[in-house]
Protein chains: 2
Amino acid sequence: MKRAEKKGHLVDVAIEMFNRYGYHAVGVDSIIAEAGVAKTTLYRHFETKELLIAAALQKMDEQFRVDLRTFSADASTDPLGQLFASFDFLESWFSAATFYGCPFIKAAGEYNDTNQIFQEVILHKRLIIAYFEELIRAAGLANPEQLAEEINLLHEGAIALAQVTRDASVAQKAKAVARKILIP
Amino acid sequence: MKRAEKKGHLVDVAIEMFNRYGYHAVGVDSIIAEAGVAKTTLYRHFETKELLIAAALQKMDEQFRVDLRTFSADASTDPLGQLFASFDFLESWFSAATFYGCPFIKAAGEYNDTNQIFQEVILHKRLIIAYFEELIRAAGLANPEQLAEEINLLHEGAIALAQVTRDASVAQKAKAVARKILIP
DNA sequence: TTAAATCTATACCGATCTGTATCGTTAGTC
DNA sequence: GACTAACGATACAGATCGGTATAGATTTAA
């Protein structure tokens with residue numbers, strides 16, 4: 001592995017473990033052991049564990065939004081179709097073996113007072129809503145702000161329910177509600 | 001304080017701290033210090049920390065469902081009105097200073113592999129859905145199972161969003177969506 | 001009043017936590 | 001090929017983790 005890839009690999013390993021066990025539950029010793037890296041190396045790239053968590057959230061945010069856009073674009077050329085496809089994206093996410101609930105809500109639940117981490121969560125959610133609003137405007141629907149928030153509401157609900165029920169079909173149920181909202 | 005009340009007080013203190021900081025983040029030493037109780041006392045009532053968490057979840061489940069039923073009954077005599085009132089209940093919860101997101105989703109995020117805790121979460125969510133279904137049946141609406149799941153979807157979404165945005169008005173937005181679903 | 005149960009206080013256990021220090025080795029760059 | 005920066009390995013620091021042991025004080029129930 002090249003030097004430049006080490007930092008990225010470290011974050012990838014951290015992401016996987018944080019998602020599975022939670023942020024406090026995973027110690028840096030476990031991460032370096034899993035990544036096959038010395039402790040000194042980790043702390044050269046990230047001053048503190050919280051900064052590693054922040055970096056993990058940033059990477060997940062980017063990955064999630066890119067993957068969502070790609071998935072929707074592949075599913076439909078129509079903006080409204082892309083908005084509906086976002087629920088299919090959720091379904092595929094829920095079906096993955098690596099799904100353990102929303103890593104951002106999880107982070108907000110464990111670090112609601114540390115600004116560094118909480119701000120990353122807020123930023124991510126804002127960007128997701130912005131994407132929904134973008135699609136709704138492109139579709140020419142009325143009240144794009146309000147509708148985007150409502151779609152986001154359904155997304156968050158589906159993610160939380162899927163985490164508990166471990167049933168990927170909640171994504172389609174949320175999609176059905178979205179249909180009622182968007183196509184009156 | 002009477003002896004019998006000590007266990008209850010211990011759970012109350014634990015609930016407050018778990019909600020605020022998370023489950024892993026709060027150690028038993030912090031709990032006993034805040035409760036003004038010796039460590040031996042805690043471990044006489046609860047064999048392990050996980051059992052204390054399970055007890056906290058049980059108490060929160062009962063409190064939440066009783067409070068929800070009471071709030072809805074006070075708000076309306078009509079089952080459909082009570083169902084809508086459940087979103088007002090959420091709003092008052094979100095407005096409280098002690099709101100730090102859903103303690104059950106938080107627990108599921110930190111202990112998704114320990115059955116003891118995760119099962120409490122599943123049970124709570126099932127009982128909430130059952131209550132929604134009960135109201136919908138009383139209202140004489142069609143597809144009560146499906147509608148109950150959709151209302152629950154909106155509840156979960158509102159809770160998750162309120163945790164991040166710290167804006168209690170998302171409850172009313174969820175209520176507006178519920179209106180679109182229930183009154184076509 | 002007496003005996004059993006529950007309490008407080010404290011010290012302790014081994015493990016783990018985040019983070020640092022040291023040092024020899026490996027790799028990329030000029 | 002030499003310089004330099006990043007690496008691995010290890011030991012260590014001080015704090016905290018969940019949980020136990022012990023002993024004395026206090027309360028409850030017979």
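Just so we're on the same page: letters track the sequence lines, and every chain starts at 1.
If you measure from atom CG of B:Leu42 to atom P of C:dC7, you get 11 Å, rounded to the nearest angstrom. When rounded to the nearest whole Å, the span between CE of B:Met17 and C1' of D:dG18 equals 15 Å. Rounded to whole Å, atom P of D:dC17 lies 13 Å from atom CD1 of B:Ile53. When rounded to the nearest whole Å, the span between CG of B:Leu52 and P of D:dC17 equals 14 Å. C:dT6 atom C1' lies 15 Å from atom CZ of B:Phe46, rounded to whole Å. Atom NZ in B:Lys7 sits roughly 11 Å away from atom P in C:dT6 (whole-Å rounding).
Between its two ends, the helix from C:dT1-D:dA30 to C:dC30-D:dG1 turns its axis by 30°, counting five pairs per end and rounding to 10 degrees.
Contact annotation: B:Lys6 reaches the phosphate of C:dT8 (side-chain N/O to OP1 or OP2, under 4.0 Å).
A salt bridge between A:Lys175 and A:Glu91 is absent, with no side-chain N of the basic residue lying under 4.0 Å from a carboxylate O of the acidic one. Using a cut-off of 4.0 Å between Lys/Arg side-chain N and Asp/Glu carboxylate O, B:Glu134 and B:Arg69 are scored as salt-bridged.
Of all heavy-atom pairs between B:Phe84 and B:Ala178, the closest is CE2-C, 4.0 Å. Taking both residues in full, the closest heavy atoms of B:Lys125 and B:Cys102 are given as NZ-SG, 3.4 Å, listed atom of the first, atom of the second, then distance.
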Base versus backbone protein contacts along nucleotides 13-23 of chain C [heavy-atom cut-off under 4.0 Å; B, S, -]: ----SBBBBB-
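For the pair B:Lys49 and B:Tyr43, the cation does not sit on the ring face, since its NZ or CZ is not both under 6.0 Å from the ring centre and inside 45° of the axis.
Here side chain to side chain donor-acceptor pair (under 3.5 Å) pairs that include residues 101-114 of chain B, with residues two or more places apart or in two chains, are B:His24-B:Glu110.
Considering A:Phe104, A:Phe71, A:Tyr131, A:Phe89 as possible partners of A:Phe64, the one that fulfils the ring-ring contact (aromatic ring centres under 6.0 Å, His included) test is A:Phe89. Here the options are B:Lys59, B:Gln58, B:Gln63, B:Arg65, the test is side-chain hydrogen bond (donor to acceptor under 3.5 Å, both in side chains), and the partner is B:Asp61; only B:Arg65 passes.
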